[in-house]
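Reckoned from all heavy atoms, side chains included, excluding hydrogens, waters and symmetry mates.
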Amino acid sequence: VQLVESGGGLVQAGGSLRLSCAAPESILSPYVLGWFRRAPGKEHEFVAAIDRNADRTTYADSVKGRFTISRENYKNTVYLQMNSQKLEDPAAYYCTADRWSYGSTPIGFADWGQGTQVTVSS
């Protein structure tokens, strides 16, 4: 499935930003969806995941209480609301999807977007 992220940009520390991810040519309702991020020189880091019916969400400890993942299946879109941005949050954020598995490892997600950059200023 093709995934297209948007909403990245520059935000001040403590501020908020909402990322969106759409699938222009697919129906996302059968997919588990997730967000990962990758800072320069680092590996992909799990951020959040949401199951097909939005009944279950999982967050990395580093973002728990600050970030919220949600989805609107009728819009074929998943969101990542990021509040209370910290200086350690800047990275390229990737939307991910998988037809079968629910997890927090990159290998568990078959489809990836191209990424959207988030920068946090002090």
Kindly determine whether Leu19 and Ser6 satisfy side chain to side chain contact (heavy atoms under 4.5 Å, CB included), including the steps that lead there.
CA-CA 6 Å; Leu19 305 182; Ser6 61; over 6 Å; no
Kindly give the heavy-atom pair with the smallest separation between Ala97 and Val1, and that separation in Å.
CB-CG1, 4.0 Å
Starting from the C-alpha separation in whole Å, work towards a yes-or-no answer on side chain to side chain donor-acceptor pair (under 3.5 Å) for Gln81 and Asn83.
CA-CA 6 Å; Gln81 178 67 44; Asn83 298 331; 2.9 Å; yes
Pair Asp89 + Lys86: basic N to acidic O under 4.0 Å
no
Gap separating the CD atom of Glu72 from the OG atom of Ser29, nearest 0.5 angstrom
13.5 Å
Can you name the nearest heavy-atom pair linking Ala110 to Asp98, along with the distance?
N-OD1, 2.9 Å
With a 4.5 Å heavy-atom cut-off, do Arg37 and His44 have their side chains touching?
no
All heavy atoms of Ala39 vs all of Pro90, minimum pair found to be CB-O, 3.9 Å
Can any side-chain N or O of Asn53 pair as donor or acceptor with the backbone N or O of Asp55 at less than 3.5 Å?
no
Side chain to side chain contact (heavy atoms under 4.5 Å, CB included) between Val11 and Ser121, intermediate numbers included:
CA-CA 6 Å; Val11 61; Ser121 64; over 6 Å; no
Non-hydrogen side-chain atoms of Pro24 and Val4 separated by less than 4.5 Å
yes
Heavy-atom side-chain contact between Thr77 and Leu28 under 4.5 Å:
no
Would a 4.5 Å heavy-atom cut-off, applied to side chains only, mark Trp112 and Leu3 as touching?
no
Tell me whether Val63 is reachable from Val78 by hopping between hydrophobic residues (I, L, V, M, F, W, Y) whose side-chain heavy atoms are closer than 4.5 Å.
yes
Gly8 backbone acceptor or donor facing Thr116 side chain under 3.5 Å:
yes
Take Phe67 and Leu80 through the side chain to side chain contact (heavy atoms under 4.5 Å, CB included) test and state the conclusion after the steps.
CA-CA 7 Å; Phe67 291 10; Leu80 185 69; 4.2 Å; yes
Flag the pair Tyr102 / Thr58 as yes when at least one side-chain heavy-atom distance between them is below 4.5 Å, and no otherwise.
yes
Is there a side-chain contact between Arg71 and Asp51, using heavy atoms and a 4.5 Å cut-off?
no
Kindly check if the number of other-residue, nucleotide or ligand heavy atoms within 6.0 Å of CD1 (Ile27) is above 12?
no
Ser26 and Asn76: which non-hydrogen atoms are nearest, and at how many Å?
O-ND2, 2.8 Å
Any side-chain heavy-atom pair from Phe109 and Val32 closer than 4.5 angstrom?
yes
Determine yes or no for a side-chain-to-main-chain donor-acceptor pair under 3.5 angstrom, with Arg38 supplying the side chain and Ala91 the backbone.
no
Which of Trp35, Phe36, Phe46, Tyr31 passes side-chain contact (heavy atoms from CB on, under 4.5 Å) with Thr96? Answer is Phe36
Nearest heavy atoms of Ala49 and Gly103, plus distance in Å:
CB-O, 3.9 Å
Ile107 atom CD1, over 12 foreign heavy atoms within 6.0 Å
no
Should we say atom CD of Glu88 is surrounded by more than 12 heavy atoms from elsewhere, each under 6.0 Å from it?
yes
Is there a side-chain contact between Ser62 and Glu45 (heavy atoms, below 4.5 Å)?
yes
Looking at Gln12, I'd like to know if its CD atom is crowded, meaning that more than 12 non-hydrogen atoms belonging to other residues, nucleotides or ligands lie closer than 6.0 Å.
no
For Gln114, does its backbone N or O pair with a side-chain atom of Glu5 as donor and acceptor, under 3.5 Å?
yes
Backbone N or O of Arg52 within a donor-acceptor pair of the Arg56 side chain at under 3.5 Å?
no
Rounding to 0.5 Å, atoms CG (Leu33) and CD1 (Ile69) come to a distance of 6.5 Å
Work out which heavy atom in Gln85 is nearest to a heavy atom in Arg66; give both atom names and the distance.
CA-NH1, 3.9 Å
For the residue pair Arg18 and Tyr79, would you count it as a cation-pi contact if the rule is NZ or CZ under 6.0 angstrom from the ring centre and within 45 degrees of the ring axis?
yes
